[in-house]
Chemist: 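This is the structure I have questions about; it appears just below.
Below, chain A is the first sequence line, B the second, and so on; all start at residue 1.
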2 protein chains.
Amino acid sequence: MSTARRVTATDVARRAGTSQSAVSRVFTPGASVSPDLRERVMEAARSLGYRPNAIARSLITRRSRIVAVAMADLGNQFYPLVLEALSARLQAEGYQILLFTADPAAPSDPMIEQVMRYQVDAVVLASTGLSSALARECRALGVPVVMFNRMTDDPDLSCVIGDNERGGRDVAAFLAAAGHRRPAFIAGLEGSSTNRDRERGFVRGLAEAGLAAPARAAGHYSYEGAAAATRALLREAAPDAIFCANDHMAIACMEVARHEFGLSIPGDLSVVGFDDVGPARWRSYDLTSFSQPLGPMVEATVGMLLEFMDDPSLPVRRVVVGGELVLRGSARRPAGPLPHP
Amino acid sequence: MSTARRVTATDVARRAGTSQSAVSRVFTPGASVSPDLRERVMEAARSLGYRPNAIARSLITRRSRIVAVAMADLGNQFYPLVLEALSARLQAEGYQILLFTADPAAPSDPMIEQVMRYQVDAVVLASTGLSSALARECRALGVPVVMFNRMTDDPDLSCVIGDNERGGRDVAAFLAAAGHRRPAFIAGLEGSSTNRDRERGFVRGLAEAGLAAPARAAGHYSYEGAAAATRALLREAAPDAIFCANDHMAIACMEVARHEFGLSIPGDLSVVGFDDVGPARWRSYDLTSFSQPLGPMVEATVGMLLEFMDDPSLPVRRVVVGGELVLRGSARRPAGPLPHP
DNA sequence: TCCCTTTTTGCATACGTATGCAACAGCCTG
DNA sequence: CAGGCTGTTGCATACGTATGCAAAAAGGGA
């Protein structure tokens with residue numbers, strides 16, 4: 001029953017009365033084959049149900065047309081959308097995604113080690129949990145690496161990020177202009193570059209507006225973490241605004257503020273997020289948020305990947321994709337016109 | 001610079017003073033190698049940075065240790081979580097996921113065709129958009145297929161699903177017991193088995209409670225679709241309860257009911273969802289929902305996959321994973337004790 | 001000590017495709 | 001008609017690993 005031996009190019013060749021190499025050429029775009037032969041081969045292939053073996057092809061071409069994507073935190077709505085967009089874009093270019101989900105708890109280097117065995121043509125790291133030592137190692141092997149929404153000081157690594165520092169600063173300027181006096185900050189993962197830059201921008205922005213450094217608590221980019229951080233801040237710091245390092249946490253923050261502390265938003269408390277992900281637009285939240293434009297970020301990533309795969313010796317690049325503060329109802333607005341950034 | 005030729009088993013063998021086959025055996029669990037040689041080979045491998053080539057291995061073993069996963073609708077929080085769990089579970093078993101995202105609009109069969117070229121060991125179909133003709137074709141090729149959260153009448157296809165019909169029925173019984181007289185239904189994708197079964201159960205359950213068939217509108221499992229469906233229903237049918245075919249739509253429904261129609265939930269309108277996904281627990285929604293237990297569903301899927309890969313001739317299996325109605329605040333409850341299912 | 005069993009090792013080949021090379025056909029130019 | 005050029009085809013080999021087989025080595029029993 002399962003004796004269904006796979007149909008090979010040789011089988012097709014025999015049926016079409018030609019050689020295996022001719023069959024190969026028919027399935028290789030741009031190769032030189034006469035229309036007549038091409039038709040015969042296609043016909044034979046169709047009737048036999050031939051499907052080229054990408055594994056065998058990869059072995060010889062040394063290109064798998066597979067891109068490894070490392071992700072974590074699929075519970076944060078930002079990442080699934082990134083994945084969807086990346087996948088669609090790469091599929092359109094004829095690449096497949098080998099997915100690698102990192103458990104933020106466990107060390108994930110040994111797992112991606114496994115992925116590297118598949119001779120992937122490139123790697124996208126969109127998970128904070130992966131060491132950049134690993135990224136460097138890939139690069140040393142000649143495999144292009146792009147860090148997505150993530151950065152290191154390492155000058156040898158390419159990345160695509162949103163404008164985190166400016167975002168933090170804009171939020172600070174906005175909150176200050178609206179008359180908030182005691183803004184607080186809920187941090188994401190302490191080690192992450194996104195969090196560091198957003199916080200730095202926020203703190204600087206507040207300073208520029210003549211406000212003191214904000215109270216802060218860490219939410220680790222998780223729902224529960226942000227809920228706990230909100231409780232702590234509301235109990236101890238009496239803030240009149242909270243800037244959360246991403247929307248996922250901002251939602252948790254709003255839930256706690258409203259339902260556990262009975263606060264009205266933005267009457268008693270303004271809340272601002274980062275990412276401008278789907279739920280930010282849901283009416284219950286109507287979240288003011290600094291956007292990270294998914295489309296352009298993915299476009300930049302795929303563009304770099306394609307170029308690097310074409311020529312691995314190209315110089316490292318760091319792309320910053322601009323975003324903007326999207327004003328909604330979760331934060332009190334300045335009376336006058338907005339300060340222009 | 002990028003002359004970094006890949007290190008092969010032969011290089012390691014030379015360095016360790018042995019043969020390529022010995023190196024292969026060292027990296028093959030269960031093969032017979034003396035401790036001494038094993039140590040020498042490992043040492044050589046380490047110093048050269050050897051990484052076995054999974055592509056070459058797949059070519060000869062005819063097993064890629066890759067599982068194709070087809071998904072769509074990553075915007076619905078249910079699926080990313082499935083993906084995360086599937087990935088974690090498969091990685092633990094030494095399998096990788098080749099991700100395939102289907103654009104619900106475009107025909108996706110040609111795309112998965114592409115994926116099949118990678119000699120994947122198995123396929124998980126978690127996207128409604130894919131024809132089951134394709135699934136049958138895979139099976140004919142000897143590649144195990146499991147449909148996730150999806151079913152067909154085809155007796156040759158295995159699947160893992162939640163208890164859709166019972167879920168619909170329980171919701172009906174629950175709403176009726178609480179005294180609702182004009183329940184309505186917001187359907188998901190018309191062609192999908194999940195929607196069909198949930199609706200069927202709901203309609204039957206209502207009939208059993210002596211209620212008429214519900215008003216209905218299609219939301220296509222999308223946020224916007226559900227919002228439009230809600231508007232139509234509220235304008236035309238004056239329902240006192242709405243059962244949505246999934247949580248994603250239930251949230252849209254609640255937003256529209258509250259913010260566009262000024263209804264109080266559950267005072268003026270009860271809303272019930274299906275899936276019991278993360279946001280259902282968020283206090284703003286506090287959504288009563290029939291659960292689809294992710295863990296058991298994924299466990300069942302992976303279990304079947306592993307068995308099928310081990311022995312493709314095993315009979316088709318259909319697993320129904322039970323769920324339960326999780327009572328929260330979005331739907332009025334019966335005064336007395338609940339009817340026991 | 002010898003013979004038999006078990007373990008360890010290397011040789012050689014297979015997996016399915018791509019591609020350099022040579023052979024050949026057809027066509028054009030002069 | 002010679003010579004050259006372009007386009008098409010098949011042959012042979014390479015890619016990196018796994019594995020059957022036989023040879024060699026290591027035990028084990030008497």
Chemist: Expressed as a whole number of angstroms, how long is the span from A:Glu39:CD to D:dT9:P?
Modeler: 13 Å
Chemist: A:Leu59 CG to C:dA14 P: how many Å, rounded?
Modeler: 16 Å
Chemist: Is it the case that the side chains of B:Ser64 and B:Ser58 hold a donor-acceptor pair, with the cut-off being a distance below 3.5 Å and no angle test?
Modeler: no
Chemist: Quick check on C:dT17: is either OP1 or OP2 less than 4.0 Å from any side-chain nitrogen or oxygen of A:Tyr50?
Modeler: yes
Chemist: Among B:Thr152, B:Val124, B:Val123, whose side chain to side chain contact (heavy atoms under 4.5 Å, CB included) with B:Met147 holds?
Modeler: B:Thr152
Chemist: By the 4.0 Å heavy-atom rule, please label B:Thr61 as base, sugar-phosphate, or nothing.
Modeler: sugar-phosphate
Chemist: Please tell me if B:Arg62 has a side-chain N or O lying less than 4.0 Å from either OP1 or OP2 of C:dG16.
Modeler: yes
Chemist: Under a 3.5 Å threshold, yes or no: a donor from one side chain and an acceptor from the other, between B:Tyr79 and B:Asn149?
Modeler: yes
Chemist: Under the salt bridge (Lys or Arg N to Asp or Glu O under 4.0 Å) rule, what pairs show up with a residue in residues 12-27 of chain A, not counting sequence neighbours?
Modeler: A:Asp11-A:Arg14
Chemist: Just the rounded figure in Å: distance from P of C:dG16 to CZ of A:Arg57.
Modeler: 15 Å
Chemist: What integer distance in Å separates A:Ile55:CD1 from D:dT17:P?
Modeler: 14 Å
Chemist: Under a 3.5 Å threshold, yes or no: a donor from one side chain and an acceptor from the other, between B:Ser313 and B:Asp311?
Modeler: yes
Chemist: Between P on C:dG16 and OH on B:Tyr118, what's the gap in Å once rounded to a whole number?
Modeler: 17 Å
Chemist: Between protein and nucleotides 7-12 of chain C, what N or O pairs are separated by less than 3.5 Å?
Modeler:
residue, atom, partner, partner atom, Å
C:dT8, OP2, B:Ser32, OG, 2.5
C:dT9, OP1, B:Ser34, OG, 2.9
C:dT9, OP2, B:Ser34, N, 3.1
C:dT9, OP2, B:Ser34, OG, 3.4
C:dG10, OP1, B:Thr18, OG1, 3.2
C:dG10, OP2, B:Thr18, OG1, 2.3
C:dG10, OP2, B:Ser19, N, 3.3
C:dG10, OP2, B:Ser19, OG, 3.1
C:dG10, N7, B:Arg25, NH2, 2.8
C:dG10, O6, B:Arg25, NH2, 3.0
C:dC11, N4, B:Ser21, OG, 3.2

Chemist: What integer distance in Å separates A:Ile60:CD1 from C:dA18:P?
Modeler: 9 Å
Chemist: If an axis is fit to five pairs at each end of the helix from C:dT1-D:dA30 to C:dG30-D:dC1, what is the angle between the two, to the nearest 10°?
Modeler: 30°
Chemist: Find out whether B:Leu83 and A:Leu99 are in side-chain contact, i.e. whether some heavy atom of one side chain is under 4.5 Å from a heavy atom of the other.
Modeler: yes
Chemist: Rounded to the Å, how far apart are B:Arg63 CZ and D:dT19 C1'?
Modeler: 16 Å
Chemist: Between the side chains of A:Tyr50 and A:Thr8, is a donor N or O closer than 3.5 angstrom to an acceptor N or O?
Modeler: no
Chemist: Looking at C:dG16, I'd like to know if its phosphate oxygens (OP1 or OP2) sit under 4.0 Å from a side-chain N or O belonging to A:Thr8.
Modeler: no
Chemist: Once you round it to whole Å, what is the distance between P of C:dG16 and CZ of A:Arg14?
Modeler: 12 Å
Chemist: Contact between A:Met42 and A:Val26 at the side-chain level, heavy atoms closer than 4.5 Å - yes or no?
Modeler: yes
Chemist: Checking B:Arg40 side chain against B:Ala16 main chain: does a donor-acceptor pair fall under 3.5 Å?
Modeler: yes
